[in-house]
> 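Please read through the structure below; I'll follow up with questions.
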Amino acid sequence: MHDIRVIRDDPEAFDAAMGRLGVGPVAADVLAVDERRRTAIAAAEAAQAERNAASKQVGAAKATGDEAEFERLRGLVATKKDEIARLEDEARAADAALRDMLLRLPNAPLGDVPDGADENDNVEIRRWGEPPSFGFKPKEHYELAAAQGLDFETAAKLSGARFVVLQGAVARVHRALAQFMLDVHTTENGLTETNTPVLVRDEAMLGTGQLPKFAEDSYQTTNGWWLIPTSEVTLTNTVREEILDEAALPIRMCAHSLCFRSEAGSAGKDTAGMLRQHQFEKVEMVSITHPEKSLDEHARMTRLAEHILERLGLAYRTVVLCTGDMGFGARKTHDIEVWLPGQDKYREISSVSVCGDFQARRMNARFRPEGGGKPEFVHTLNGSGLAVGRCLIAVLENGQQEDGSVVLPSVLVPYVGGTTRITANGELT
RNA sequence: GGAGAGGUGGCAGAGUGGUCGAAUGCGGCGGUCUUGAAAACCGUUGAGGGUGAAAGCCCUCCGGGGGUUCGAAUCCCCCUCUCUCCGCCA
């Protein structure tokens, strides 16, 4: 959520920022509502001040026994009461209207974010590793003999399209990947392992920006809970309505969780395989930082995600998302794309965003500056570290052999009982 | 699912109709003392908003909304959240 004062101070700059996202111009509309709100507040407060003054005189009149004056002032207070109620209603309505407008506006991109329409305009900033060369045409993950434990038919029987059942070796490797990621993050990267609910209330979804605008992207239970589309929601909202000590920053967390997305509007995209599912697992990283530290933290977090791929020996490239490809709450986003031989292209496996104080304002998450002073909004960041299902895909495709077996990354060996590959029969050996 | 209790300032916790934005403690900040620190002592310390160049002035806030009253943190109603006990259950 944007600071209305920023829009007030420089509406042209704000419209320019929104314009880069293809939104607006909106400043004029926002400021009109803001003006209405401030006028209503001023009127209501003036009436309240009058009422307060009259109220005091009521007591005085009664004390001096001036019955006539007492009755007159009582009448005046009673009249003001109705006027105040009416003006307060107006002020409340205008305030709600302004808040609703602000809650639906996306975050402003940082100056160094490239302009662009879609993913084709993202800018590559790094590349690591060599895509493996095969003496045969590499297959996609769901075509591999070793991955016969990926069972889409059974999943369809249970749940429908865009679900998968993992059985045997692939299930074990999937679990191994999540464990490996968590171990690296907690023992080497200093993130605090956190396990959160996957069902949350409206406020949490509002805090990170899924609501009010993107309700159709998530699932909701009959009694009103939302299934989180990412544990960014729960990890970030842990500081909702908090005033933290500055010394407590940065707060760095990670969580392995289920994620649920209805993926409305993306029907027909990536329908084959387990690349895009309604339910998937992800290890998520979230940092709560001092405003001056968030950009450094963004670089750090990006490196942590990249490092996981390096340890797994998977080639990747890192891109800066252009304005047209960025998410609602981000000021800048790095996507890390892993090489998928079966598709012969890099595909997103992590997205690392710095949100500035955008989410903090929604959550009212603040910190008390060292040495006292007014609370300030914290900055929030989130990043996948990594998407577990997609990582499984990458491991399968990159490790595939001509006979349909798969050689596993050596770092996973301790996590899969000392085995090193999945045979063409779908067994760990 | 049943029954009950409760939501007060950064935290803990008083306050049941009249200067209560709110006792007290902790924490924070400033100071005295000390070679320095600790302890002790003194002072100070809520948040949001409107207006203003600023100083300042003003308004609101004791979970949210409504009501009673000249007057509500205190009484009544609705909502919401939390906790406790019982039941059920992984």
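Lettering follows sequence order; numbering is per chain, from 1. None of these values were measured; they are calculated from a predicted model.
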> If the threshold is 4.0 Å, N to carboxylate O, is there a salt bridge linking D95(A) and R92(A)?
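Looking at D95(A) and R92(A), the cut-off is not met.
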> Using whole Å, what does the distance between atom C1' of nucleotide G48(B) and atom CE of M1(A) come to?
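Rounding to the nearest Å, CE of M1(A) and C1' of G48(B) are 12 Å apart.
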> Given A47(B), G65(B), C59(B), which nucleotide is nearest the side-chain atoms of K374(A)?
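It is A47(B).
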> Taking any strand in view, what nucleotide pairs with G9(B) in a Watson-Crick or G-U wobble way, both distances under 3.5 Å?
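For G9(B), the partner nucleotide comes out as none, under the 3.5 Å rule.
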> U34(B) and C41(B): how far apart are their C1' atoms, nearest whole angstrom?
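Here U34(B) and C41(B) have their C1' atoms 13 Å from each other.
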> Write down the distance between CZ (R92(A)) and C1' (G65(B)), rounded to a whole number of angstrom.
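Computing the R92(A):CZ to G65(B):C1' distance gives 8 Å.
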> Should R368(A) be listed as having a side-chain N or O under 4.0 Å from OP1 or OP2 of C29(B)?
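It does not, given that no N or O in the side chain of R368(A) lies less than 4.0 Å from OP1 or OP2 of C29(B).
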> Using heavy-atom distances to pick each residue's nearest nucleotide on RNA chain B, tell me which of I4(A) and R366(A) is more 5'.
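So the residue in question is R366(A).
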> Output the rounded distance in Å from CD1 (I243(A)) to P (G27(B)).
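In whole Å, G27(B) P and I243(A) CD1 are 19 Å from each other.
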> Return the pairing partner of A90(B) with a 3.5 Å limit on both distances, Watson-Crick or G-U wobble; otherwise return none.
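Looking at the geometry, A90(B) pairs with no nucleotide.
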> Between L211(A) and W226(A), which heavy-atom pair has the shortest distance, and what is it?
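Smallest heavy-atom distance, with atoms named: CD1-NE1, 3.7 Å.
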> Which nucleotide in the list G50(B), G10(B), C59(B) gets nearest to the side chain of Q48(A)?
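Of the candidates, C59(B) comes closest.
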> Between C79(B) and A73(B), how many Å separate the two P atoms, rounded to a whole number?
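23 Å, rounded to whole Å.
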> Between R311(A) and E188(A), does any side-chain N to carboxylate O distance fall below 4.0 Å?
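E188(A) and R311(A): salt-bridged.
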> Separation of E376(A) atom CD from A47(B) atom C1', in whole Å?
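Spelled out: CD on E376(A) to C1' on A47(B) is 15 Å.
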> Which value, in whole Å, describes the distance between the P atoms of nucleotides G46(B) and A53(B)?
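That atom pair is separated by 26 Å.
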> What's the closest nucleotide to the side chain of R8(A) if the choices are G50(B), C59(B), G65(B)?
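My answer, after comparing the listed nucleotides, is G50(B).
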> Does this structure show an ion pair linking E427(A) with R172(A), if we count only N-O contacts that are shorter than 4.0 Å?
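No.
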> So which nucleotide does G21(B) pair with, by the Watson-Crick or G-U wobble rule with both distances under 3.5 Å?
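Across any shown strand, G21(B) pairs with none.
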> More 5' along RNA chain B: I41(A) or E203(A), using each one's nearest nucleotide?
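First, find each residue's nearest nucleotide; the 5'-ward one identifies I41(A).
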> Using the P atom on both, measure C29(B) against C86(B) and round to a whole Å.
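After rounding to an integer number of Å, I get 45 Å for this pair.
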> Using atom CG of D245(A) as one end and atom C1' of C26(B) as the other, report the distance to the nearest whole Å.
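The distance from CG of D245(A) to C1' of C26(B) comes to 13 Å, rounded to the nearest Å.
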> So, D335(A) versus S351(A): side-chain donor-acceptor pair below 3.5 Å or not?
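The criterion, which ignores hydrogens and geometry beyond distance, is satisfied for S351(A) and D335(A).
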> Using atom CD of E370(A) as one end and atom P of U45(B) as the other, report the distance to the nearest whole Å.
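To the nearest whole Å, that distance equals 21 Å.
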> Considering every strand and a 4.0 Å limit on heavy-atom distances, what is the contact class for R361(A): base, sugar-phosphate, or nothing?
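Since no nucleic acid heavy atom lies under 4.0 Å of R361(A), the category is nothing.
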> Using atom P of each nucleotide, how far apart are G30(B) and A38(B) to the nearest Å?
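Nearest-Å result for G30(B) against A38(B) at atom P: 12 Å.
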> Starting at atom CG of N364(A), determine the distance to atom P of G48(B), rounded to an integer number of angstrom.
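Distance, rounded to whole Å: 8 Å.
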> For atom P, what is the distance between C62(B) and U51(B), given to the nearest Å?
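23 Å, rounded to whole Å.
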> Within this structure, what is the CD-to-P distance between E241(A) and G64(B), rounded to whole angstrom?
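Going from CD in E241(A) over to P in G64(B) covers 11 Å.
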> Where is the tightest heavy-atom contact between S262(A) and S218(A), given as atom of each residue plus distance?
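Shortest heavy-atom contact: OG-N, 3.9 Å.
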> Quick one: is R37(A) getting a side-chain N or O under 4.0 Å of the G49(B) phosphate, OP1 or OP2?
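Looking at the OP1 and OP2 atoms of G49(B), neither is under 4.0 Å from any side-chain N or O of R37(A).
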> What distance, rounded to whole Å, do you find between the two C1' atoms, one in A39(B) and one in U32(B)?
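Between the two C1' atoms, the distance is 13 Å.
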> If pairing requires Watson-Crick or G-U wobble contacts with both distances under 3.5 Å, which nucleotide is the partner of G43(B)?
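Because both required distances fall under 3.5 Å, G43(B) counts as paired with C29(B).
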> Hunt down the Watson-Crick or G-U wobble partner of G71(B), both distances under 3.5 Å, from any strand shown, or write none.
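Matched G71(B) with nothing under the 3.5 Å cut-off.
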> So does R201(A) get a side-chain nitrogen or oxygen closer than 4.0 Å to the phosphate oxygens (OP1/OP2) of U82(B)?
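For R201(A), the contact criterion (side-chain N or O under 4.0 Å from OP1 or OP2 of U82(B)) is met.
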> Check whether any side-chain nitrogen or oxygen of R38(A) sits under 4.0 Å from OP1 or OP2 of G52(B), and answer yes or no.
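No.
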> Would you check if there is a donor-acceptor pair between the side chains of T186(A) and E193(A) at a distance under 3.5 Å?
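No pair is found: no donor N or O on one side chain lies under 3.5 Å from an acceptor on the other.
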> When you compare C85(B) with G27(B), how far apart are their P atoms, in angstrom units rounded to a whole number?
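Their P atoms lie roughly 32 Å apart.
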> First locate atom CD of E35(A), then atom CG of L31(A), and finally report the distance between them rounded to the nearest 0.5 Å.
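Answer rounded to 0.5 Å: 8.5 Å.
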> Could you identify the nucleotide paired to U84(B), looking across every strand shown and requiring Watson-Crick or G-U wobble geometry with both distances under 3.5 Å?
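Matched U84(B) with A3(B) under the 3.5 Å cut-off.
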> Would you mind pulling out the nucleotide paired to G48(B), Watson-Crick or G-U wobble, both distances under 3.5 Å?
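C59(B) is the nucleotide pairing with G48(B).
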> Checking only heavy atoms, does the side chain of E242(A) share a donor-acceptor pair with the base of G10(B) at less than 3.5 Å?
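Between G10(B) and E242(A), which were checked side chain against base, a qualifying N/O pair under 3.5 Å is absent.
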